[in-house]
Amino acid sequence: MNYKIVLASNSPRRRELLKGLDIDFEIRVIDGIDETHPAGMPVEEIPAYLAHLKADAYIQSMRDDELIITADTVVIIDNQILEKPANESEAIKMLKILSGRKHKVITAVVLTAKDRQKAFSVSSIVDFEELGEEEIVYYVEKYRPFDKAGAYGIQEWIGYIGVCGIEGSFYNVMGLPVQRLYRELKAF
């Protein structure tokens with residue numbers, strides 16, 4: 001590849017997934033990027049909007065030989081986005097909402113070079129088993145999922161015992177649709 005790859009993310013899961021593609025990359029994070037979306041924006045458009053916002057923050061500091069990867073993942077149920085929970089009670093509430101139901105996970109990715117940009121989104125449907133109060137509390141107290149949209153990590157205990165089906169990419173639900181990303185990087 002003619003570019004030096006830069007992953008613009010604090011997410012340890014995105015780092016792990018990109019590393020799994022055997023591509024050399026570095027991490028660069030700009031703190032304080034405003035991730036506010038316009039009121040009334042359709043929920044399915046929000047991850048692409050936010051991934052573009054993040055990409056725009058890096059353009060001025062990019063070198064000519066760099067390709068920046070930005071991404072945003074959202075969990076959607078009942079046409080509402082479940083953000084990252086602020087505390088235990090919010091995490092428990094979110095998991096109770098997801099319990100026994102299907103929800104959508106969308107990850108938008110933006111590839112940015114000095115001379116061009118490519119964006120794409122991947123959607124997955126996750127089906128959760130009915131979860132008991134004890135299971136939810138145990139997960140939240142032990143795994144502290146406060147850095148995860150929807151208050152869960154599919155690759156953790158709650159995914160092992162709670163996810164009974166997925167339509168689409170498992171890795172998308174983790175936060176980076178690596179199969180599609182690999183294909184888009186090759187084409188870029």
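Basis for what follows: all heavy atoms, side chains included, without hydrogens, waters or symmetry-related copies.
Expressed to the nearest 0.5 Å, how far OG1 of Thr112 lies from NZ of Lys118 amounts to 12.5 Å. With rounding to the nearest 0.5 angstrom, the CZ atom of Arg14 is 11.0 Å from the CD1 atom of Ile27. Between the OH atom in Tyr49 and the CD atom in Glu35 there is a gap of 11.0 Å [rounded to 0.5 Å]. Atom-to-atom distance recorded for Leu50:CG and Glu45:CD is 11.5 Å, nearest 0.5 angstrom. A distance of 9.5 Å separates OH in Tyr152 from CG in Leu95, rounded to the nearest 0.5 Å. Atom CZ in Arg144 sits 9.5 Å away from atom CG in Asn87 (nearest 0.5 Å).
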### Pair Leu181-Leu18, side chain to side chain contact (heavy atoms under 4.5 Å, CB included): steps then yes or no
CA-CA 9 Å; Leu181 175 60; Leu18 187 56; 3.9 Å; yes

### Task
Evaluate salt bridge (charged side-chain N to carboxylate O under 4.0 Å, His left out) for Glu66 paired with Lys114, printing each intermediate quantity in order.
CA-CA 8 Å; Glu66 290 181 329; Lys114 278 283 194 180; over 6 Å; no

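Considering only heavy atoms from C-beta on, Glu83 stays 4.5 Å or farther from Glu90 through its side chain. Between Val6 and Phe25, the closest side-chain pair of non-hydrogen atoms is not below 4.5 Å. The side-chain heavy atoms of Asp147 and Asn10, taken from C-beta on, include no pair separated by under 4.5 Å. Considering only heavy atoms from C-beta on, Leu53 stays 4.5 Å or farther from Asp34 through its side chain. Taking the side chain as every heavy atom from C-beta outward, Ile154 and Val105 never approach each other to under 4.5 Å. You'll find the side chain of Ile97 stays beyond 4.5 Å of the side chain of Gln80, heavy atoms only. Here the side chains of Val75 and Lys148 are not in contact, with every heavy-atom distance at 4.5 Å or above. Between Glu184 and Leu111 there is a side-chain heavy-atom pair separated by less than 4.5 Å.
Here Lys96 pairs with Glu133 in a salt bridge; the nearest charged N to carboxylate O distance falls below 4.0 Å.
Between Ser124 and Asn172 the shortest heavy-atom distance is OG-ND2, 3.0 Å. Taking each heavy atom of Leu131 and Gly162 in turn, the nearest pair found is CD2-CA, 3.9 Å. Closest approach of Cys164 to Phe128, counting heavy atoms only: SG-C, 4.0 Å.
One hydrophobic cluster, built from ILVMFWY side chains closer than 4.5 Å, cannot hold both Ile33 and Val110; they sit in different ones. Clustering ILVMFWY residues whenever any of their side-chain heavy atoms sit less than 4.5 angstrom apart, transitively, puts Val140 in the very cluster that holds Val163.
Side-chain atoms of Asp72 never come within 3.5 Å of backbone atoms of Ile46 as a donor-acceptor pair (strictly under, hydrogens ignored). Under a 3.5 Å cut-off, the side chain of Thr107 and the backbone N or O of Thr73 do not form any donor-acceptor pair.
Between Tyr139 and Trp157, the angle of the ring planes stays under 30°, which puts this pair in the parallel group of the 30/60° scheme.
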